[in-house]
Structures are given as structure tokens and as C-alpha cells.
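Throughout, a chain's letter reflects where its sequence line sits, starting with A, and its residues are numbered from 1.
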There are 2 protein chains.
Amino acid sequence: MNGQFQIATHVLTLLCKQPGELLSSDYVAGSMNVNPVLVRKEMRKLRACGLIESKEGKTGGYSLALPPQKITLADVYKAVKLPPALGQAKNKPNPDCPVGKQIGTHLDHLADDVEAAIVKKLSTITIFDFVNQFD
Amino acid sequence: MNGQFQIATHVLTLLCKQPGELLSSDYVAGSMNVNPVLVRKEMRKLRACGLIESKEGKTGGYSLALPPQKITLADVYKAVKLPPALGQAKNKPNPDCPVGKQIGTHLDHLADDVEAAIVKKLSTITIFDFVNQFD
DNA sequence: TTGTACTGTAATATTTTTTATTACAGATAA
DNA sequence: TTATCTGTAATAAAAAATATTACAGTACAA
């Protein structure tokens, strides 16, 4: 149960719907029933990728750093860095087994391909597109 | 850290490499350093989808139910039913917020699209293909 | 210049999920 | 009838995600 992508997308949606305004982590957290600190953590990632800007102090808050047509959901996905879609083995396989010895490499390669497919799909959708679905 | 797909793929690889033999959960678990009960749990899912067969009793074990050319990694992915690639919000958003009210629907739709992209990619690779990569 | 309302961040606790372990009933072959 | 396997449940342990608390730093405004 990992809601990081959902938090990031929710905030970007709010920012897109209220351009020019600075939204606080408290306000945003209230809209999605989540802890404000968690919002600030995700915002740090989005800012590190140049998707949003933040302002400290009274009257501080978050705003889009780019026009919403320039932000794709792939950017969001890469910013929040979810765990791999195919999962990840906890233990290393037995190196004495011919299969165990090699399977890690092949599974890694496969995981890369799947991540690429996800990014490709998400790169076709901008925040602008996503928000346009709303009434 | 979710290794269910890895376990399933590892077992199918071993079964493919040793056709005709029945492999026990203990043997397989040893090849991937994982608990045998966990292997049996994944095998239950694969069997429910008709990918493998199992035999109880002494000399029991697991075998492929189909030729490896007929089993795609998409079949495996669907059989093990991983959590959604984009994650999932734990809490429901605030229904009094215009965005919170609707975003669930749009995120669900997006999740479906991404899962479809993953399945499409994985459906191009059979277990036979995967195993052929090994030395 | 002092109070207020934010961000930024760390530390810790709680909750949830995943994996491991233990146990045992039932099946099947030697 | 004994040994070795699957099938499954129940429980424990480990890992990950989220929530909470706390507080330093920043910026605005009265």
C-alpha cells in the first residue's frame, strides 16, 4: 500500500486547478486525508525534479514550476520513484544453482523493460490532460 | 519488497529446464533461498491459472501444465496478482473537495491503463524465451 | 521587533504488508 | 506402515509505509 504517486498527482492537480495561488501542505493534506509531513516529503521529490516550486515562511506554499502541459505523469512517476512494478526478491538466489546464478541478471533486465513500458505509457499523459478529465 | 513474481518465474524456469521431472517445493526453495511454504503458495496461484500441475504424496512435486512456448510472462503476472504498479492510496480523499471527490475514479482508470501496458509488454515474452537467455 | 504561519527535516511510533516458521492433515509410493 | 511429498492454517518475525511529534529556519505583517 504505497500512495506516493497518488499524493503527488493529487497535489499537482490542485496546483493546476488553482494557478497563481500558493497551496500549503496542510490544505493539500486535508483534501486527501493524509499527513502534512507526508505531503512535504513528496513535494521535496517533485521540487528536486523541477516540477514545482516552494516558498517558505508565512504565506508560503507550493506552486507549479512549469506549465501543466509540460508536466507528464511519467515525470511524476520518475520523481516519486516507486518500488519496481514486478517487485523485488528479498533474498539472493543460490549461486550454486545454474539457474539461481543467472536469474538475477535476467530479471533485472526484464524489470527495466517493464519500467520503460510504464514510463512510455505515462509520458503520453500530461497533468493538463489529467486535470481536463475533471468536471 | 515483494518477490512473488520472482518466485513464480524462478520455479517456471526450473521446470522448463528439467522437463518431465517433478520438482519439490523444498528443492525449488533451496535454489532461491526462500521458504518452501511461500513456494507452495505461489504454486497454488499458478495451478489455479492452469500454468502448472502438482502431484501430492511421495515422489510428488510440480511440473508444467503447458509447453513453455505457450506460457507468457503476462500469464505469470496475472496469476500472482501483484499490487498495482502505481501504488494505491490508503485513505479516501475528502469528498467535500471538488478534486478529492473525483480523483479516485481518474486514478483508477489510469491504473488500469498502466496495468494494460505492463501486460502488453509481458505478453510478448514466453517462459521459453526467458529461459533461452540462460547459458 | 515580535508574533504568526508557513516549509524543511529528523526522530519515533503505529499500522500494514510481506516473509518465515511451525504444525499437521491428507496423499502416494516404496 | 513408513517416508516424503502437497495443501493449508496459524502464528511470529521482519520490512515498509504512514502517522505523529517536535523544532529550527524563513518570511510576512501588525
Side-chain angles (χ1 to χ4, degrees), chain A residues 1-8 10-11 14-15 21-48 51-65 80-94, chain B residues 1-8 10-11 14-15 21-30 32-49 51-65 80-94:
Chain A
M1 192 163 293
N2 181 320
Q4 295 167 17
F5 179 85
Q6 283 74 10
I7 290 174
H10 197 132
V11 178
L14 290 171
L15 293 177
E21 291 182 55
L22 290 182
L23 303 186
S24 74
S25 59
D26 256 52
Y27 170 77
V28 164
S31 165
M32 64 181 77
N33 268 318
V34 91
N35 195 282
V37 176
L38 209 53
V39 171
R40 301 206 281 267
K41 272 185 190 164
E42 295 312 312
M43 292 307 95
R44 170 159 53 173
K45 299 181 197 168
L46 297 185
R47 193 188 47 218
L51 304 183
I52 65 160
E53 286 169 347
S54 64
K55 184 189 167 194
E56 291 185 42
K58 196 172 179 175
T59 74
Y62 302 97
S63 60
L64 291 182
V80 299
K81 274 197 199 161
L82 296 180
L86 295 182
Q88 186 163 11
K90 180 190 163 200
N91 303 327
K92 295 194 176 171
N94 186 345
Chain B
M1 191 164 291
N2 181 320
Q4 294 168 17
F5 180 85
Q6 284 74 9
I7 290 174
H10 197 132
V11 178
L14 290 170
L15 293 178
E21 291 183 54
L22 291 183
L23 304 187
S24 75
S25 60
D26 255 54
Y27 169 76
V28 164
M32 62 182 79
N33 268 319
V34 91
N35 194 282
V37 175
L38 209 51
V39 170
R40 301 207 281 268
K41 272 184 188 165
E42 295 312 311
M43 293 305 96
R44 169 160 51 174
K45 300 180 195 169
L46 296 184
R47 192 188 48 217
C49 293
L51 305 183
I52 64 160
E53 286 169 348
S54 64
K55 185 188 166 193
E56 293 185 43
K58 196 170 179 175
T59 74
Y62 302 96
S63 59
L64 292 181
V80 299
K81 273 197 200 160
L82 295 181
L86 296 182
Q88 185 164 13
K90 179 190 165 201
N91 304 327
K92 296 194 174 171
N94 186 344

Pairwise 5' ranking along DNA chain C for A:Gly57 and A:Met1, keeping only the more 5' one: A:Gly57
Exercise: identify the closest heavy-atom pair between A:Leu38 and A:Val34: CD2-CG2, 3.9 Å
N/O donor-acceptor pair under 3.5 Å between B:Gln6 side chain and A:Gly87 backbone: yes
First of B:Asn2 and B:Val37 reached from the 5' end of DNA chain C, by closest nucleotide: B:Asn2
Options C:dA10, C:dT19, D:dT18, nucleotide nearest the side-chain atoms of A:Arg44: C:dA10
Shortest side-chain distance from A:Thr59, nucleotide among D:dA16, D:dC28, D:dT18: D:dC28
Distance, rounded to the nearest Å, where A:Asp26 contributes CG and C:dT4 contributes P: 17 Å
Sugar-phosphate only, base, or nothing, as touched by B:Asn91 at under 4.0 Å among non-hydrogen atoms: sugar-phosphate
Under-4.0 Å side-chain N/O to phosphate OP1/OP2 contact, A:Tyr62 with C:dG8: yes
Whichever of A:Pro36 and A:Lys90 has its nearest DNA chain D nucleotide further upstream toward 5': A:Lys90
Atom-to-atom span, CG of B:Leu82 to C1' of C:dT18 - whole angstrom: 12 Å
Distance in Å, A:Ile7 CD1 paired with A:Arg40 CZ, rounded so as to fall on 0.5 Å steps: 12.5 Å
Earlier contact from the 5' end, DNA chain D, for B:Ser25 and A:Gln4: B:Ser25
Candidate nucleotides D:dT6, D:dC28, C:dG8, ranked by approach to the side chain of A:Ser54 - the nearest: C:dG8
Proximal nucleotide (of D:dA19, C:dC6, D:dA16) relative to the A:Ser24 side chain: C:dC6
Nucleotide C:dT18, atom C1' - distance to CE of B:Met32 in whole Å: 16 Å
For atom CD of A:Glu42 and atom C1' of D:dA17, their distance in whole Å: 11 Å
Approximate separation, where rounding is to 0.5 Å, of A:Leu14 CG and A:Tyr27 OH: 6.0 Å
Which nucleotide in C:dG8, C:dA23, C:dA29 has an atom nearest any side-chain atom of B:Arg40: C:dA23
A:Leu46 CG to C:dT7 P, straight-line distance once rounded to whole Å: 14 Å
Gap between atoms CZ and C1', on A:Arg47 and C:dT9 respectively (whole Å): 11 Å
OP1 or OP2 of D:dA17 under 4.0 Å from side-chain N/O of A:Lys41: no
Euclidean distance, atom CD of residue A:Glu53 to atom C1' of C:dT7 [Å, nearest integer]: 15 Å
Nearest-angstrom distance from the residue atom CD of B:Glu56 to C1' of C:dA27: 5 Å
From B:Leu15 atom CG to B:Met43 atom CE, the distance as rounded to the nearest 0.5 Å: 7.5 Å
Sugar-phosphate, base or nothing in reach of B:Asn35, heavy atoms under 4.0 Å: base
Side-chain donor or acceptor of A:Asn91 paired with backbone N/O of B:Asn33 under 3.5 Å: yes
